[in-house]
Amino acid sequence: MESLWPRIEPLLAHVTKPARYIGGELGAQQVVHGPDAVSWLLVYPDTYEVGLPNQGLQILYEILNERDDAAAERSYAPWVDMEAAMRAAGVPLFSVENHVAASEFDVVAFNLSAELVYTNVLNLIDLAGVPVRSADRTAADPVVMAGGHCVFNPEPLADFIDCFVLGDGEEVVSECNEVLAAFRTGDARTAGGDRTALLRALSRVPGVYVPSCYDVAYDGTTGRLAGITPRFDDTPARVEKRTITDLGDWPYPKQQLVPLIEVVHDRLNVELFRGCTRGCRFCQAGMITRPVRERPADQVRTMVSAGLERTGYDEVALTSLSSADYSGIEQTVTGIIDDPSCGGQVSVSLPSLRVDAFTVGTAAQIQRVRRTGLTFAPEGGTWRMRQVINKLIREEDLYAAVDAAFSQGWKRVKLYFLIGLPTETDEDTLGIVALAKQCVAIGKRYHSSVTVTASVGGFVPKVQTPFQWFGQNTIEELTRKVHLLRDAARPVRGLTIRWHDPKATAAEGIVSRGDRRMGAVVEHVWRNGGTFQEWSEYFDLDLWTDALAANGMTLEDAVYRHRTEDEVLPWDHVSAGLHRDFLWQDWKDALAEHGLPDCRWTPCYDCGACTGYGVEHVVASAVPPAGGSQGTGQDLSSGGQVPVRFLSTAPSGAAPAEVPGGSAVALATEGRG
Ligand code: SF4
């Protein structure tokens with residue numbers, strides 16, 4: 001494989017941040033390609049600064065490079081100045097390790113974590129010199145793959161991506177590699193040039209969805225999607241996601257990349273657990289990553305100390321969807337801070353702090369070295385709203401958490417909220433200001449000047465969640481709600497309201513629930529110059545509405561329309577494990593303002609994520625996190641306990657055990673604790 005470096009280097013003097021393109025970071029692999037190794041280019045379709053820290057990409061990068069029959073490099077979306085220089089000089093998309101042309105790889109695999117990057121994906125395929133549409137590719141072209149959270153509705157990109165990988169990638173990436181290796185002979189990507197046979201073989205790997213193996217039918221009368229069905233007997237009618245059973249088996253990344261320039265999340269990241277059972281109805285990440293699988297506490301400590309020593313970072317983020325829920329979180333944080341092998345000066349941050357699991361003890365521990373900003377996410381302004389979205393935290397929980405933070409020395413707190421949620425009234429919207437105002441008052445008990453920032457995002461209904469049937473708020477309605485908030489917050493000193501552009505919320509909604517015909521809209525936006533749509537300076541709603549109109553679609557139908565129970569949804573043939581009838585019932589419960597408890601501490605309600613796959617929650621410690629309401633909405637702070645009894649072992653599918661008070665759990669500690 002030829003290095004393009006002699007043609008790339010002269011371009012770098014004329015672009016911003018040339019370090020984005022040179023590679024050689026601490027942790028970068030020495031990748032050697034050989035005739036027997038399948039070559040992978042792992043691409044993050046946004047800038048180096050956004051893409052480099054992505055843990056999913058780094059995990060697969062290491063797993064593939066540990067194999068003798070695989071070699072993986074990375075690439076990121078070149079910024080607009082570099083892309084212009086590359087196109088002018090005829091330089092294609094390249095890898096950052098060996099600076100090899102993307103088209104020379106056997107596989108070009110994208111990480112899809114946000115819908116607005118889809119136009120970048122098309123742009124990067126084109127910049128690679130590969131036909132943008134799968135149907136136009138030949139045996140000489142790489143296989144174009146995609147994974148990440150967005151693939152749970154693969155249809156808007158189904159015309160452009162050869163195969164999608166659903167769920168955890170750790171195991172399936174090796175299985176795909178074996179299929180690819182079997183088809184590879186010497187320099188030929190597919191023996192005999194049979195690309196169709198290769199894609200058929202990939203479609204038989206559990207968790208892999210190959211769109212070209214399915215027929216799509218539309219209703220002749222309504223024009224709606226009628227069904228997506230397999231074309232072959234050996235193609236699954238429904239593709240189930242992959243789930244690794246034990247995070248402890250996968251201590252990756254072992255060699256986290258240390259970037260050459262400042263990036264987002266510029267620190268050591270160690271994943272505490274995967275999955276979330278809180279059941280927030282708006283949260284796609286929580287729904288699609290179930291069940292909870294915690295990393296053993298001793299492995300967390302080892303990964304932290306080894307990672308800090310290797311990288312030189314003095315900050316570690318213990319990541320997950322709700323880090324304060326990790327069993328024994330306070331002991332884990334204390335252990336890291338007190339560990340002499342961590343240098344004694346390490347700062348620990350806990351992204352995604354759960355209000356009702358944040359205690360004075362946690363606050364005291366994480367502020368011992370350095371006080372970073374604290375963010376809580378009540379999401380809804382009133383208890384009614386939070387019951388609808390199943391974020392069962394009480395005002396008292398929020399105030400106790402904020403009190404704990406201010407009492408321990410913090411002066412700045414950020415609160416996240418959503419507007420445009422199902423059943424939302426103006427009272428719910430204005431409840432955001434009321435909550436934030438009270439937080440300012442609590443802060444002033446401890447400090448003369450405090451800042452509370454309420455960040456407000458517009459809600460986009462996501463697939464594979466109970467809100468997937470909900471018709472999104474219009475741009476005008478979201479804008480009206482933003483104005484309500486802004487006006488109400490103006491007299492409150494110490495309170496700042498920030499909001500996400502309602503137009504960008506609408507554009508995200510266009511793509512997130514589209515069917516295969518939405519691909520033409522994505523392509524139209526890209527062909528008319530719409531790249532980097534996640535970036536406010538390049539986002540242009542007119543491109544999206546023009547593209548809809550050019551393809552006979554409307555915002556009204558694509559975004560604002562409620563879906564019906566009997567409607568075929570474009571993502572019905574791919575599964576995150578959640579039963580459709582569970583999601584529908586949960587949607588009805590939401591409208592009835594009924595909450596649903598956290599199934600980690602209360603009985604399993606058979607959403608399908610564990611029962612369907614024969615896996616269970618795996619927790620690192622038999623000690624549930626203390627304090628707050630723990631998602632029950634009840635005051636559990638007195639004993640700091642939740643009504644749960646742990647089983648020492650529980651075989652897959654075991655009947656729930658009785659616990660005091662008539663509650664029950666089906667929870668295995670898997671010999672940990
Ligand atoms: S299957 Fe049961 S225990 Fe597992 S995530 Fe769903 S509700 Fe919770």
Side-chain angles (χ1 to χ4, degrees), residues 149 152 166-168 238 240-247 272-295 320-322 325-327 352 354 357 387 389-392 462-468 574-590 594-622 624-625 629-633 642-659 662-670 672:
H149 287 183
F152 283 97
L166 307 176
D168 298 330
R238 190 169 151 95
E240 300 285 346
K241 74 167 180 180
R242 296 297 293 266
T243 303
I244 56 168
T245 50
D246 192 344
L247 204 55
L272 279 182
F273 65 91
R274 204 169 288 178
C276 182
T277 47
R278 291 288 191 164
C280 302
R281 292 174 171 131
F282 58 87
C283 178
Q284 186 189 44
M287 291 283 168
I288 64 176
T289 58
R290 292 174 173 204
V292 166
R293 287 140 301 151
E294 293 193 350
R295 192 179 294 289
S320 73
L321 292 170
S322 181
D325 281 349
Y326 181 73
S327 311
S352 317
R354 220 8 240 206
Q387 278 185 298
I389 63 175
N390 206 44
K391 188 116 191 185
L392 297 175
K462 294 288 171 157
V463 307
Q464 318 280 359
T465 73
F467 288 171
Q468 64 186 0
V574 297
S575 169
L578 303 152
H579 300 313
R580 199 182 201 264
D581 54 1
F582 157 72
L583 292 174
W584 180 258
Q585 183 57 47
D586 208 33
W587 171 227
K588 294 279 123 188
D589 286 348
H594 289 162
L596 189 65
D598 184 340
C599 61
R600 213 165 156 193
W601 316 116
T602 53
C604 167
Y605 43 78
D606 189 19
C607 75
C610 305
T611 42
Y613 300 138
V615 290
E616 291 167 339
H617 302 312
V618 177
V619 296
S621 158
S629 65
Q630 299 299 342
T632 65
V642 291
V644 63
R645 190 179 71 193
F646 287 82
L647 306 178
S648 54
T649 55
S652 172
E658 289 300 315
V659 296
S663 189
V665 288
L667 192 73
T669 57
E670 300 268 308
R672 300 188 202 292

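All ligand and atom numbering here is 1-based and tracks the order in the structure. Note that the numbering runs from 1 along the sequence shown for the chain.
- Contact annotation: for Pro291 versus ligand 1, there are no heavy atoms closer than 4.0 Å.
- Here the OG-CZ distance, from Ser322 to Arg278, works out to 5.5 Å after rounding to the nearest 0.5 Å.
- Residue Asp168 comes nearest to Arg274 through the heavy atom pair OD1-NH1, 3.1 Å, listed as atom of the first residue, atom of the second, then distance.
- Atoms of ligand 1 found under 4.0 Å from any heavy atom of Asp606 (numbered from 1 in listed order, with element): 2 (Fe), 7 (S).
- Residue contact check: Cys604 has heavy atoms under 4.0 Å from atoms 1 (S), 2 (Fe), 3 (S) of ligand 1.
- Interface of Arg290 with ligand 1, defined as ligand atoms under 4.0 Å from a residue heavy atom, comprises 5 (S), 6 (Fe).
- Residue Gln387 forms a side chain to side chain contact (heavy atoms under 4.5 Å, CB included) with just one option from Asp589, Leu596, Leu392, and that option is Leu392.
- Of the listed residues (Cys276, Gly577, Cys599, Pro597), the one carrying the non-hydrogen atom nearest atom 5 (S) of ligand 1 is Cys599.
- Taking each heavy atom of Ala609 and Pro291 in turn, the nearest pair found is O-CD, 4.0 Å.
- Counted by atom type alone, Glu240 and Ser575 present one or more donor-acceptor pairs between their side chains at under 3.5 Å.
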